[in-house]
Amino acid sequence: MNYNFKEIEAKWQKYWAEQGTFRAENNADKPKYYVLDMFPYPSGAGLHVGHPLGYIASDIYARYKRHKGFNVLHPQGYDSFGLPAEQYAIQTGQHPAITTENNIKTYRRQLDQIGFSFDWSREVRTSSADYYKWTQWIFIQLFDSWYDNQQDKARPIADLVEHFSNHGNSTVDASCSENTPQFSAQDWCGFSEQQQQEILLHYRLTYLAETEVNWCPELGTVLANDEIVDGVSERGGHPVIRKKMTQWSMRISAYAERLLSGLETIDWTDALKESQRNWIGKSVGASVRFRVKNHDAEIEVFTTRPDTIFGVSFMTLAPEHELVSQLTTEQQKADIESYIQATSKRSERERMADVKTISGVFTGAFAEHPFTKAPIPIWIGDYVLAGYGTGAVMAVPCGDQRDYDFAKHFKIPIPTIFSGVDISEGAFTDKAKTKIANSEFLNDLDFKSATERAIEALEAINQGEGKINYRLRDAVFSRQRYWGEPFPVYYVDGMPKMIEIQHLPITLPEVEAYLPTETGEPPLGRAEVWAWDTQHNEVVHNSKINHETVFPLELNTMPGWAGSSWYFNRYMDPQNTREFAGQDALNYWQQVDLYIGGSEHATGHLLYARFWQKFLFDRGYVPVDEFAKKLINQGMILGTSAFVARIEGTNTFASLDQILDQNVQFIHADVSLVNASDELDVDAFKLWRNEFATAQFILSDDGTFKVKREVEKMSKSKYNVVNPDAICENYGADALRLYEMFLGPLEQYKPWNTAGITGVSSFLKKLWKLYIGDSGLKVTDAAATKDNLKTLHKTIKKVTEDIEQFSFNTSVSNFMIAVNEFTAQRCTSREVLRPLLVLISPYAPHVAEELWSLMGHNTSISTTQFPEFDPKHLIESSKTYPISFNGKMRFKLELSLDLSKEEIEQTVLAHEKTIAQLQGKVPKKVIVVPGKIVNIVG
RNA sequence: GCUGAAGUGGUGGAAUUGGUAGACACGUUGGACUUAAAAUCCAAUGGCCAUUAUGGCCGUGCGGGUUCAAGUCCCGCCUUCAGUACCA
């Protein structure tokens, strides 16, 4: 009997599916464990070998936990709304739902062939109406909530309305929009319904506001900050401009502090936590208001150094600052205007690239120092960003390098306010060594007490207070796309109204094309049946809008991150039609125990999902306020691209050592045309693409054509994609799984190299041969030898440790060692071969199931208890452990593996006498087992 | 600049967290089997030197230090990758 992986893998995949082997129960006596992968966007290109890396790791862990007696929830689904399907629809007219459905089929087939233990009965798709019904529901809950800073949680908007009608808004400490007016209870009751609704929008956790957004004309849509890389769109690399639009926003800024402090409670990597911290960008300082001389205006600034307030020698406003035009004097007007013109023409990108050039213009106006009343010249400069803080700074040249450079450049005085510091070369920024001078009541104080005193003094004259500033902005939630969740929103006289929950979902309407309309409206503007009838509570034809009870529906759709911000909760109870998930299910599964996915989602999905979870927690819908206890970022598997050198301006290609000093361009060649020795199959290359059909080649002396290799991200456009289908076909799913783990540590970025797979492939054959001979099963009831048991328990110990530390790569090595040792021992004993199979089954489940069944078991190996390590089998043959003795002498003690350091010390102490007697003989190694010395190697 | 991670053979990577560096695998070389190839099996494989054999010296990015003992800990550098940035 030979190892026929194709037959075996198909057989067991079918068995698992039919038996529902991996179905999780929502209530079980067993402890629960929830292992989750970041669900994929089903792209048209299908999976490459890089995609399953994290899934294989999580699958191993999920299978391990099942062996360990846990009720494991290990689901999978699709983040199936997204731009590529829509782009494809624009080009071909095919409905994105069809494209998506086809892509999902491909994904499912590819995932199935790898043998994952997903509970597919819980599959979710963000684009299915059964699912996005609840995304819409959450949106409505956000609309129906405000953030109470006092209680530090979200509360129903009804509470706020009640407070307004009794006390107005002056006593409410809530997160709200900047331009919220003050009003009394009386005012409130006098407001029209329309006015009240307008005010409430300033408080709701999702609100409609005119915001400056990142508009991508090419894609015809708004992008979030994390969808922009280097000033161009992440997808497609199109230019992005700033534009004012009325958009839905999410008041994530209300959660800034909790998103920050919550990081302390979860087991995520430091790198990831750090990027979330940076993104939230908390800075502690003060807000200071400077009066402007001869104007009825104040300039508010944020500073982290209120202690340096007496060092202010000028102020700088961002060119876009709203006060600029008011303040500028007649004399300076021309200069200021031409400067603003010049900066607005420069793109963000240019502005970033050109950091070193100092530029700015004096407005002619002066502010007044809050304490000394001295005049402070007001400048504008593009080093101050409109989007951060208040878009204005108080410049303290002696304490900030940029202010210093600006002052030097424009010959503005640089007063010294630190004692014992030389500032002739640059600013002094070391807070820890700060000693304030020349600063009236702050003199001789250090950073901390000067800061406190300055804030107190500012508060006393009502010109400032302590303030914490966050970089985190509210998230724009509207996208001008077709293929996304429709909002459950219609408009009456321009005011948004929510559709009642019992009438959800509002499903995507049909449109005849997926482009924006001629008038620039989103694609939903093309839908003819897209109006809300409040009488019949249904979506009706637009032509009925002139009726009294029919109103226009929202034309935008939700962004990609909407559906992915709560899907982990839906898996707990995916078929529930009455709730997003039942309370029993939520209380049982609580949260994700292990989440595996890429670190590229650090400031997108992983932040938004935490935000929504905290919101749902506040409103009492989920039992915990962090959705994932532990998170592991799997590294990427990179492709090894191949490049051929084309001599510039010709169709002639030179082998790598034949380039000499000719000018060449390196062009990607498909990796399948190149062998392991970096030699190109020239004939296949000619056939590959038409343009190369007539190519000429300058070969190396040995007649081969050498290519240049480079490791890059695996991508279709780089022709370096390796398809898992081919690997499964040639080596099997078990080999693919083992090899992906064997490549290196999970978190690491590592290049794929198909050649190396022969190692794990021959391991599987050896494993098979250990159990199965020419005449069938070799396993017997013969007693295990001491060596057998030693090998087994050594392997149990290491593999258990490996899995618990997520170092799956070393486990594979340990299996190889074990199989080699058992083979050398001619082991046939069921007593050790049975547990060995259980150890291996999370990694190579198909072959394990087959051998398991050939050994006579008639239930799946996945329900078997994981073998326990028993140290007694390692005691007799043990490991050396060098120790120092009397500070100088060195002995090597050979001890059993399971001893702690303390036990070793005790052992040594117990034999101090014996060892002392040996000193003269200088033994190299003393072999000890607990209780007695058994051997001395001299 | 700041933050995070990492530098070990020809290659991917191990190293019980201070204890024989290079496990395991790829690759390479030699051998067996074969008409041949594939597959399989055996042996060698960090560098240098030496030998009949036993052996010796050097080696974990660089320079110091602590220790009986350092890839691992401490101090000072260099390099690479990733994230982020006129953030006041």
Side-chain angles (χ1 to χ4, degrees), chain A residues 229 269-279 281-283 285-286 288 301-306 308 315-316 318 351-359 381-385 387-396 399-403 405-406 429 469-471 599-600 602-603 633 635-636 640 676-677 711 738-739 742-745 747-763 765-766 769 794 797-798 801-802 807 809-820 879-893 895 897-899 901 924-925:
Chain A
V229 179
T269 61
D270 288 339
L272 198 129
K273 287 184 183 181
E274 200 54 37
S275 44
Q276 290 211 344
R277 283 191 197 107
N278 286 340
W279 194 260
K282 179 180 184 176
S283 26
V288 185
V301 301
F302 174 75
T303 177
T304 54
R305 299 295 304 272
T308 63
M315 301 188 75
T316 313
R351 244 164 107 168
M352 283 199 291
D354 186 22
V355 169
K356 275 168 208 131
T357 321
I358 295 160
S359 69
D382 67 0
Y383 82 97
V384 177
L385 304 176
Y388 183 78
T390 59
V393 299
M394 59 174 226
V396 183
D400 181 284
Q401 193 55 46
R402 287 156 313 173
D403 296 346
D405 294 340
F406 195 86
T429 54
N469 197 53
Y470 298 93
R471 198 187 82 115
S599 56
E600 65 272 20
T603 53
N633 293 124
M636 211 180 276
T640 314
S677 314
V711 171
L738 285 169
Y739 189 54
F742 183 73
L743 271 177
E747 293 94 333
Q748 199 164 298
Y749 281 61
K750 54 225 162 210
W752 177 266
N753 171 20
T754 303
I757 202 170
T758 52
V760 293
S761 178
S762 69
F763 158 74
K765 288 177 196 159
K766 284 182 203 166
K769 278 191 192 157
K794 192 175 68 183
K797 184 175 195 288
K798 288 194 168 173
E801 284 167 3
D802 288 342
S807 40
N809 54 327
T810 46
S811 300
V812 182
S813 297
N814 287 324
F815 293 141
M816 290 178 178
I817 294 166
V819 167
N820 283 340
K879 204 171 153 94
T880 52
Y881 197 98
I883 58 146
S884 69
F885 186 70
N886 285 349
K888 284 279 159 65
M889 288 291 295
R890 271 168 291 161
F891 299 94
K892 284 176 184 175
L893 303 187
L895 300 165
L897 282 173
D898 59 314
L899 288 183
K901 263 193 167 159
K924 271 190 183 162
K925 190 157 83 168

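Every chain is numbered from 1 and lettered A, B, ... according to where its sequence line falls, protein lines coming before strand lines.
Atom P of nucleotide B:A23 and atom CD of A:E801 are separated by 20 Å, given to the nearest angstrom. If you take CH2 of A:W279 and P of B:U3, they are 19 Å apart, rounded to a whole angstrom. To the nearest angstrom, P of B:C81 lies 14 Å from OH of A:Y749. The distance between atom CG of A:D802 and atom C1' of B:U17, rounded to the nearest whole Å, is 15 Å. At whole-Å resolution of the value, CG in A:D403 and C1' in B:C87 are 12 Å apart. Atoms CG (A:N633) and P (B:G83) sit 13 Å apart, rounded to a whole Å. Rounded to whole Å, atom C1' of B:G22 lies 15 Å from atom CG of A:N809. Atom P of nucleotide B:A88 and atom CG of A:D405 are separated by 16 Å, given to the nearest angstrom.
When the C1' atom is used for both B:G13 and B:U67, the distance is 29 Å, rounded to whole Å. The C1' atoms of B:A21 and B:U17 are separated by 15 Å, rounded to the nearest whole Å. Atom name C1', nucleotides B:G63 and B:A15: the rounded distance is 25 Å, in whole Å. B:G56 and B:G1: their P atoms are spaced 47 Å apart (whole Å). Distance check on atom P: B:C33 versus B:A25 gives 25 Å, rounded to whole Å. Of the P atoms belonging to B:G4 and B:G76, the separation is 15 Å, rounded to the nearest Å. Rounded to whole Å, the separation between the C1' atoms of B:A50 and B:G55 comes to 8 Å. Separation of the P atoms belonging to B:U60 and B:G7 is 14 Å when rounded to the nearest angstrom.
The pair A:E274-A:R277 meets the salt-bridge criterion, since a charged nitrogen lies less than 4.0 angstrom from a carboxylate oxygen.
For A:K765, the listed nucleotide lying nearest its side chain is B:U40; candidates were B:A88, B:U40, B:A15. You'll find that the side chain of A:R471 is closest to B:A85, out of B:U3, B:G13, B:A85. Candidate nucleotides B:C87, B:C86, B:G4 were compared by shortest atom distance to the side chain of A:A271, and B:G4 ranks first. Side-chain proximity of A:Q748 to B:C87, B:C86, B:G13: nearest is B:G13.
Under the 4.5 Å side-chain criterion, counting only non-hydrogen atoms from C-beta, A:L743 is not in contact with A:Q748. Using a 4.5 Å cut-off on side-chain heavy atoms (C-beta onward), A:V396 and A:R305 make no contact. Between A:R402 and A:V393, every side-chain heavy-atom pair lies at or beyond the 4.5 Å cut-off. The shortest distance between side-chain heavy atoms of A:S811 and A:F742 does not fall below 4.5 Å.
The closest side-chain donor-acceptor pair between A:N633 and A:S599, if any, does not fall under 3.5 angstrom. A donor-acceptor pair shorter than 3.5 Å can be found between the side chains of A:D403 and A:Y383. In the model, A:N469 has no side-chain atom that pairs as donor or acceptor with a side-chain atom of A:S283 under 3.5 Å.
Heavy atoms of A:P745 sit under 4.0 angstrom from primed sugar atoms or phosphate atoms, though from no base atom. Among the atoms of the strands shown, none is found under 4.0 Å from any heavy atom of A:Q401.
Distances shorter than 4.0 Å separate none of the side-chain N or O atoms of A:R277 from OP1 or OP2 on B:G83.
Expressed to the nearest 0.5 Å, how far NZ of A:K769 lies from NZ of A:K765 amounts to 8.5 Å.
B:U17 takes the syn form, because its glycosidic angle lies no more than 90° either side of 0. Taking the O4'-C1'-N9-C4 or O4'-C1'-N1-C2 dihedral as appropriate, B:G4 has a value more than 90° from 0 and is therefore anti.
Comparing A:T303 and A:E274 against RNA chain B, the residue whose closest nucleotide sits nearer the 5' end is A:E274. Taking for each of A:R305 and A:K750 the nucleotide of RNA chain B with the nearest heavy atom, the 5'-most of the two is the partner of A:K750.
Here the closest non-hydrogen pair linking A:N814 and A:D802 is ND2-OD2, 3.0 Å.
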Set out, line by line, the N/O atom pairs under 3.5 Å between protein and nucleotides 24-33 of chain B.
none

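Ring planes of A:F763 and A:F815: parallel class, angle under 30° (limits at 30 and 60°).
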Reading RNA chain B 5' to 3', how would its secondary structure be written in dot-bracket notation, given Watson-Crick and G-U pairs with both distances under 3.5 Å, brackets [ ] for crossing pairs and | for partners on other strands?
-> (((((((..(((......[....)))((((((.......))))))((((.....))))..(((((..]....))))))))))))....

